[in-house]
Amino acid sequence: MYRRLLINIYQVRNGLIHTQNTRLPSTKCKERESFAPVIWAPCTARPLGTSSISFSENKENSTSLSEDKEKRPEENEAKEEVNTDGQKSTEISNATLTLQLETEPVDKPEDSKQVEKTKSGKESLLELLGAMKVEVTTVRKIRPSKTPRMSERPDQEPMESTHSMFQHATAEGSQQQGTLNPALVAAVSAAASTLPNRHQAESELLKQLRKHEAVPDTQRRADGQNIGHIIADMKVGGRKTNGRSSARPTSQIRFDDDGKGYTQDRGITGELDAVRRRKSPFTSKRLNIFTAGMEQDTLSVLGPTLWDIDLANQIVQATNQAPRNGFEEMIQWTKEGKLWQYPINNEAGLEEEASVPFHEHVFLEKHLDESFPRQGPVRHFMELVITGLAKNHHLTVQQKKEHIDWFRDYFRQKDDVLKEAEA
Amino acid sequence: MASSCSQALRHHVCKSSRLLRVHLQKSWTNRSFEGAVCVSSSFALNSAADQQPAVSSPEEIVIPKKKTWSKEAVLQALASTVKRDPTASDYRFQDDPYLTPKTSSEFKLFSLSQESGRNAAKYFINTYPKYFQKDYAQPHIPCLMPDTLEAQIEEVSEAALIERIGMRKVKAAVDLYDQLLQAGTSVSLDVTNQLLDLICFYGDHDPAQENVPEQRNEETEDVQDEPQAKKGRAAKASDLLKATWKEKNNAERIFALLSEPNTHSYSALIRGMVKYGAYSKAFSTYTDLLNSRLKADVHTFNALITAAPEVKEKYNEKWELIVDLLKQMAEQKVKPNLLTLNAVLKALRRCGTVGKSQAFPVISEMKALSIDLSLASYSHLLAIFYKPGAPIQGQTDILQEVMNEVSGKSFTPQDPDDAQFFITAMRICLDTKDMEQAYRVHELLGVGENWRLLGNDFQQNIYYARFFSLLCMMENIDVMLKWYRDLVPSVYYPSSNVMRDLLQALDTDNRLDLIPQIWKDIKQLGHANRQNLVEELLTLMAREKHNQEVQESFAECALDIKKIYDTGDRGKVLLNWTAGSLSDLISVLLAAHRRQDAWDMLKLFKTHNRVPSEELLNKFLMCVKEDGDVNQAVELVQISAGFCLPGTPKLIQRVQQEFELTEQQRKMLSDLEIQSFNSE
């Protein structure tokens, strides 16, 4: 990966010094990102000079996050231009470099490499990039946790749109950009993918490059080329790079220069992926020991055994059975049988008659059959009696029968009298 | 009802329309028309509601099933209308306002005494049944009558054996069984199995005699009180410890006598062995069972799964044994139940990393068999993934998943371990500082009958303590205080440590002005005698300057605290003055310009053999100076000299410079100066 990146950059750039430049601006970029977009504006404005257009643009950027996003792309384009301008920019970039060195002592060891770079080719570049990486990782540690959120959004953008953006950008940009841009961006993303926090790393790399471009821009302006163009381009380009980064496989292991060795990606993109991929572990695959429709061999069930009673006991003991209010206490008493049952229908208290159907109560003629006369006043009287009994809801069926039986006995005893009266 | 209503309406409409006809005005007709439409539509509604099933599908008439209501249905409906009153104490204590508990110890004492009163009554009724024969209740209430504890059947017969088994008299039942065998009577297999159940359940020991009525009661009465439950558990634990499975005990002997033991006999034996710790023996008995070509029942397997982690050393061996048992279940066509699942999960808790990988497949397996998880399953699951004391990174989502599963569900108690869920979940919330999940857990507690699963009072206390500490740590002060008002003291009596957390939360959110209020609560909760707590309170009050009003209330509070120091409990001193607490108290009083009170306090240094700090004396001097009380300033210097403080000369100097002294005082001061100089 490194190598590829190196080669890319090497090819793209005319001079080695450029790479140094890229590294240096990165520190600035980091500053910007760690604080707020607002800070960025003066930063870029400085190298660009006093052009009013660029200033206003920067202000806009600082106001909104989305615009900030867009800006990053522009910078890529700008970078490319830098490459073409190549040597011209070296002087200026060197100047800015020294300034930065003063501000940031951390960079100093790398300065020495700068000198070497001019001598050796690829190897020095390698070293440089390694140094870059270190910076990146350290920055990541320091940076407040909020910054990753910025990178979240571009992630979600679909690839296609970024592509179109890219085209748009290239169309708008200067003619040279067309050739340089894809290679550079690819290089950056490739490099970033090797870093522990791919996304951040990439954006940082791009920012570095962007810084870099800013320098040539000043020259250009001096030349009278239109900066407005460049700035317009910048806006669009950023999305493209972001889109790329999101498209990268997440399973890749990245090298962490903190000394932890290879670490699994734990960046925000990884988390997002996890969210996307997440499914409940409760739906995970099963053991496949039992078959679902299995029928149980029914064993002779003898009612609750001692063990069952004990289990119930344990459950009751473990849970809170205290009533919370008077009604619950009444429920408890009802269950214990201490309390008269609250009526739940109009058959409350119907224990002994519960199994007796209503017609037993109402149709009592069948009890009159045998021993009563078929007709006459006695019959008439008894019919009135059963009508009355049928409507009486205070007596049980048994009591009604007894009532009728009493009359049967009575009339039997008075049989003589009745016969005398010829009833 | 509805029809009569609509009839009345129609009548009304008719009347009004007749009225209309009389008047015959356009506007009126309009109105009446509207009214008629209204009424007719309401008619339509009524009729539609009445005949909806018939109208919607004339061919098939769906006759609704008869709804059988439980006998508590009405009461349950009524009970559901009652919400918890955060200002009231527990229902148990509402009978007697005098016995409303204010502290956790009172709560324990009162609930315990209520319960023990019940048990005492039951004990007397059962011990002297002859005095309680009169049956006043009409109809008869069996649970109010004494239990028969003496065997009624004296002769040697199977019926007598059944009776003794029913009364859980292990020894007597075994003796009777032996007698029966000696007499040559054969005992049926079922009864023998019941006897085996009894022996195995109690591990061939008679259950403790008092425990018998107690255990019976527990099913019916509310025996959820913490001390009692604890006692029960302790008794059981000690039973387990001392009562181990003995070689050749009565169960094994009787089992050996059986000519053809069936599944039930084996099941009883294996469960008894597992219960009393003879794990490997249980497995060999299981092998015997297989050899005699019988099938085990689900309870046997549950017991064996419980025993599985005991007989193997390595994690994966344990797991393999469990899988093996499950496979045998499938072979023997035994359908696992919820308790199987819980037993497996519980065993997985002791399988380390294997548990983490296998827990979810096990759950999916059981879900496929349409076994619904109980809270115990979730509790085991959480315990598998969150070991107490282990690092908790990267696993917060398990709790989240579990909460996603259980949220909004109402659970019924199905497993004794169900009551562990809320405590476990809240512990994890506290460990991971996850306020969001804690709220979800607490929300779940409010669903349906879930509150029952919070467990006994002891567990409730743990749960609320965890929840409240989390609130103190994570929530802003207003929300926290809202919860505080809601929970304390109606359901939760915070311990002194939790009160300290609360104070710290007040401190971090700069709401120290609430301290006097909290102090009142502390006093009521009976923590006023906690030295640490009181001293922390004083330090917080003394630390910063507040506005006058707050200082005034602080001073009141400080004097109140002083009273606690002074009085003590029944002549016993509860709190000891320390130099720190004294000086804090004095600073609070000084800040409120209560110089006289502060002066009285200053004298306490002497009586309690404490030494005031220079800083305090300086502060005091400032205050004295503001009031321009020369005498007191001199006295202050004298006190300082009395303690031989190194700062005394400076103090003297200040007094000399800043106060207008009389000649006598000047002399006294210079004397003191010399004195202190000499002492140095």
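Just so we're on the same page: letters track the sequence lines, and every chain starts at 1.
- Using a 4.5 Å cut-off between heavy atoms, B:Ser70 touches chain A through its backbone atoms (N, CA, C, O) alone.
- Between chain A and the residues B:Val323, B:Ile363, B:Val362, B:Leu373, the most heavy-atom pairs under 4.5 angstrom are made by B:Val362.
- Considering only heavy atoms from C-beta on, A:Thr334 comes within 4.5 Å of B:Leu75 through its side chain.
- Side-chain atoms of B:Val74 and A:Pro343, non-hydrogen and from C-beta on, never get closer than 4.5 Å to each other.
- Proximity to chain A (any heavy atom under 4.5 Å) is shown, for B:Arg84, by neither the backbone nor the side chain.
- Heavy-atom distances place the side chain of B:Gln460, and not its backbone, under 4.5 Å from chain A.
- Inter-residue side-chain proximity for B:Asp415 and A:Ile315 is flagged as unmet; no heavy-atom pair is nearer than 4.5 Å.
- Heavy atoms closer than 4.5 Å to chain A are found in both the backbone and the side chain of B:Leu326.
- No part of B:Ile165 comes within reach of chain A, as not one of its non-hydrogen atoms sits under 4.5 angstrom from that chain.
- Among all heavy-atom pairs drawn from A:Asn325 and B:Ala79, the shortest one is ND2-O, 3.7 Å.
- For chain A, no part of B:Gln420 is nearby; none of its heavy atoms comes within less than 4.5 Å.
- Side chains of B:Pro416 and A:Gln317 form no contact here, defined as non-hydrogen atoms less than 4.5 Å apart.
- Neither side chain, B:Trp451 nor A:Asn320, offers a donor N or O lying under 3.5 Å from an acceptor on the other.
- Using a 4.5 Å cut-off between heavy atoms, B:Leu78 contacts chain A through both its backbone and its side chain.
- Closest approach of A:Trp307 to B:Cys200, counting heavy atoms only: CZ2-CB, 4.0 Å.
- Expressed to the nearest 0.5 Å, how far CG of B:Leu339 lies from CG of A:Leu311 amounts to 5.5 Å.
- Smallest separation of non-hydrogen atoms from A:Ala318 and B:Ala419: O-CB, 3.4 Å.
- Put simply, OH on B:Tyr202 and CG on A:Asp310 are 7.5 Å apart, with the number rounded to the nearest 0.5 Å.
- Contact record, B:Ser364 with A:Lys285: OG-O, 3.8 Å, taken as the closest heavy-atom pair.
- For the pair B:Glu365 (side chain) and A:Ile289 (backbone), a donor-acceptor distance under 3.5 Å is present.
- Atoms CG and CG, on B:Leu196 and A:Leu306 in that order, are 12.0 Å from each other to the nearest 0.5 Å.
- Summarising the geometry of A:Gly337 relative to B:Ile141, their closest heavy-atom pair is O-CG2, 3.4 Å, with the distance given to 0.1 Å.
- Side chains of B:Arg452 and A:Gln321 form a contact here, defined as non-hydrogen atoms less than 4.5 Å apart.
- Looking at A:Arg324 and B:Val82, their side chains never come closer than 4.5 Å, going by heavy atoms from C-beta outward.
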